[in-house]
Amino acid sequence: MVIFLDDKSILKIREDTEFQFIDTENTRSIDIRFGKILSDVKKEKKKDFRVETPVSVASVKGTQFWAVVNRMGFDKFYGLEGQVEVFNSVSGQSVALGPGEMTLSTATGQIISSPADPEEVPDDPEEEMEPEEEPEPEEEPEPQEEPEIEEEEFFEEETPEEVPEEEILDEEEAPEEVPGKAADEPEPEPPKPFNMGLGIGSATIDGVLYNQLALRPEFKIGKLGIGLDLVLYIDNAGNIRKDEWDEGSDFIDKFLYVRWAEKSDPFWVKVGSLEGVTLGYGGLLNGYSNMMEFPSIRRVGLNTGLNIGPMGGEIFMANVKDFSRGGTLLGLRGTYTVSENFPLTVGINFVTDINQFSGLKDSDDDSYPDIFDDFPDSSFIWNDTDGDGIPDPHSGLDSSRWDIDADGDNTYDPLDTSIVLKPTPFSIAENKSTASGFAFDLGYPILKGDAISLILYSEFNTLSFPEVNTEQFSRPAKSGTGITVPGLRASLFGFINMSLEYRIKNEYYLPRFFDQAYDLNRVVPVYTDTGTVIQTKDMIVFKDSTSVLNTNGWFGSGGFDLFGIASVTASYASMVADTTEFNSFSAMLSLNPENIPKLSEATAYYQHNNDKDPFEIESINTIMGYRVGYEVSKGVSLVWDFRQFYRDTGTGLEPIKQTTIETQFNF
């Protein structure tokens, strides 16, 4: 404890704290590198009092507050009395801290205030050292205030007459009402019918950094669940991005999801965000997500199905809005189980990308993708041959307003050979490229129990890519097949899951072609010396002769729970043709936040498919990322969401990084 002699202000310093005093003629500063200090600053102070950290400055006007500083760039200030002005030196923002409040200031520029959790406020070391005073004898309650006869009368009134008094048990000795459950164990709380999430942070859209403010209410009524995403993006000038609110179809995006029932019910449906969608045993569609480019691209998916006796059916659609552009990723599955005595399940799957080109971004919906559209913000104009900003003439455009050769007039001499016209831009409406797959599978449960279950299965898959031959795009027809025989899936003791497959691949077939990252490489621009061309995923993965070799090999996966602390899943495949290898690896780690203080969520993932070295990070086949939430206080978390993948820019691979940092409130 340090006492300033001039104004009697007090500092109480906890262990493991590094700081220094900095006094000038008019200012008294406490520079904290890390640690915890309780400041009790008197109103009649002789100098302006400040607490400084590498991230923050707290200006004091007669108050009592804690400053908690760690080495990771997180400062916490807890107000006990008076007012404190907390300033974040990174973003230049400041907030007022009052009694019973907590302010978080971070090295990323975030500064947030919320009610303080009493359990988080550090203990006053002086109070810890002072033993509690024993109550004076005269303050003890007199025995006659609670006479023993009243307790006896109470038990006599509450106990049936036929039960002898000696058989009455104390509360601690009462028998358990539910076998295997402690008598004092609280009943699990029913799910809340309404939750409200609030996200405050930043997001990068089209290369522009926006401040993000999002309300995410969730409604749960019986089997019905609705999640909304009401978001505003504000630039540094304070302007609200209108692209999410200026069209009728934008209001569909405000539904994060709408769901009814679960997949085990007779009827179920979910519309909106889709994660981990798999059809059958995953030979075609496995782990698909339509959220990989969220929030810059918002897709509205559909997943629904029926279970009627021995028959089942499922429909999957990646993006309902793609229909207006002539394409979407679509999947169908039907199953039939022979009988309870012979539970052989037969399944049929069909997956098709109706038009892979619909994956190209087209902001103005004129069918000309942004990478080819000279006017991506206008649906009426799209070409500018000479680059002077004046559009070329076309149907619907005033022909008197064009200057195709940049000579200042509105005339064009078709015999002038010095003028080279640009070709008509690539149009989604005039070009179509499909990718389709068909699968047939059989599954039979060899063992089925609570401790161990084992399923034997086999799967036959086909992939086909029809010929495309237009003025602007050309692709020869390709097809291939894949067989899984045998396949085994096991579940052990409720926390270990394993699978093992032997795969045979012929020609233009790729296991799990429609995977989690499919939207990222469904169709991509490739920049060459002669201009920009586009390639579909099949053109990329089958770009050389080695990629179409007939191969065979093993695939294995495993997942287990580490005593409720974390869960790990990983898979590895090795396909061989003579001396050529194609290997795949994916992994995901999720921590249980209930066992780690201040952690609200933590997940990391890595995926690299069909490459000789699946651990070489810099590859177009790689996608990785993480999502970590730091609990600032009860119901308030600071969340980092990061993902990275690679694209070929013509001069080499370029990492594409997407980062979102936001503060989430759940109440």
Side-chain angles (χ1 to χ4, degrees), residues 1-130 200 211 236 238 630 632-633 636 638 663:
M1 186 165 64
V2 176
I3 300 177
F4 293 95
L5 299 179
D6 51 2
D7 59 10
K8 308 304 181 185
S9 292
I10 299 173
L11 299 180
K12 298 179 181 179
I13 301 104
R14 297 304 309 246
E15 68 279 2
D16 193 27
T17 299
E18 180 180 315
F19 73 102
Q20 61 177 322
F21 300 105
I22 303 176
D23 263 29
T24 65
E25 184 177 355
N26 300 314
T27 304
R28 172 167 293 153
S29 300
I30 309 301
D31 188 357
I32 308 176
R33 309 309 298 174
F34 56 84
K36 304 175 183 178
I37 294 182
L38 173 62
S39 302
D40 185 359
V41 183
K42 307 304 180 184
K43 293 183 178 180
E44 58 274 8
K45 61 184 185 302
K46 302 299 182 181
K47 301 179 180 181
D48 291 336
F49 188 91
R50 298 189 306 179
V51 170
E52 299 182 0
T53 78
V55 175
S56 316
V57 177
S59 301
V60 181
K61 299 178 179 180
T63 186
Q64 189 178 32
F65 71 101
W66 274 102
V68 180
V69 183
N70 67 20
R71 298 174 173 88
M72 302 299 294
F74 291 92
D75 299 342
K76 287 187 177 182
F77 300 90
Y78 297 92
L80 304 181
E81 296 177 2
Q83 294 288 327
V84 182
E85 188 76 17
V86 181
F87 173 81
N88 185 285
S89 55
V90 178
S91 62
Q93 298 178 340
S94 62
V95 298
L97 173 69
E101 296 179 343
M102 186 278 297
T103 294
L104 172 72
S105 181
T106 74
T108 60
Q110 302 284 328
I111 186 165
I112 309 151
S113 289
S114 66
D117 185 348
E119 295 182 358
E120 292 186 353
V121 180
D123 297 322
D124 187 333
E126 189 175 12
E127 292 180 358
E128 290 181 355
M129 295 171 60
E130 294 178 356
I200 302 175
N211 296 309
N236 290 332
Y630 175 78
V632 177
S633 62
V636 182
L638 191 65
T663 305

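Applying the side-chain hydrogen bond (donor to acceptor under 3.5 Å, both in side chains) rule to Ser94 yields the partners Glu85; only residues at least two apart in sequence or on another chain are considered. For Arg28, the salt bridge (Lys or Arg N to Asp or Glu O under 4.0 Å) partners at least two apart in sequence or on another chain are Asp6, Asp7, Asp23.
In this structure, CG in Leu38 is found 9.5 Å from CD1 in Ile13, a value given to the nearest 0.5 Å. Taken from CH2 in Trp66 to CZ in Arg14, the straight-line distance is 5.5 Å, to the nearest 0.5 Å. Interatomic distance, NZ of Lys12 versus NZ of Lys36, reported as 15.5 Å (0.5 Å rounding). Taken from CG in Asn70 to CD1 in Ile32, the straight-line distance is 12.0 Å, to the nearest 0.5 Å. Rounding to the nearest 0.5 Å gives a distance of 10.0 Å between CZ of Arg33 and CD of Glu52.
In this pair, Phe65 and Phe77 present their aromatic rings tilted. The plane angle is within the 30 to 60° band.
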With a cut-off of 3.5 Å and sequence neighbours excluded, list every side-chain donor-acceptor pair involving residues 98-107.
residue : atom : partner : partner atom : Å
Glu101  : OE1  : Gly98   : N            : 2.8
Thr103  : OG1  : Ser113  : OG           : 2.9
Ser105  : OG   : Ser56   : OG           : 2.7
Ser105  : OG   : Asn88   : ND2          : 2.8
Thr106  : OG1  : Thr108  : N            : 3.3
Thr106  : OG1  : Thr108  : OG1          : 2.8
Thr106  : OG1  : Gln110  : N            : 3.2

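Side-chain contact between Ile10 and Lys8 is absent, with no heavy-atom pair separated by less than 4.5 Å. Taking 4.5 Å as the limit, some side-chain heavy atom of Ile30 sits within range of a side-chain heavy atom of Phe21. In this structure the side chain of Phe34 never reaches within 4.5 angstrom of the side chain of Thr17, judged on heavy atoms. With a 4.5 Å cut-off on side-chain heavy atoms, Leu11 and Phe4 count as touching.
For the residue pair Asp75/Thr53, the side-chain donor-acceptor check at 3.5 Å is satisfied.
Contact record, Phe74 with Leu638: CE2-CD2, 4.0 Å, taken as the closest heavy-atom pair.
Ser59 places no side-chain N or O within 3.5 Å of a backbone atom of Arg50 that could act as its donor or acceptor partner. A donor-acceptor distance shorter than 3.5 angstrom exists from the side chain of Lys47 to the backbone of Thr24, with no hydrogens or angles considered. Formation of a donor-acceptor pair under 3.5 Å by the Ser39 side chain with backbone atoms of Val41 is not found in this model.
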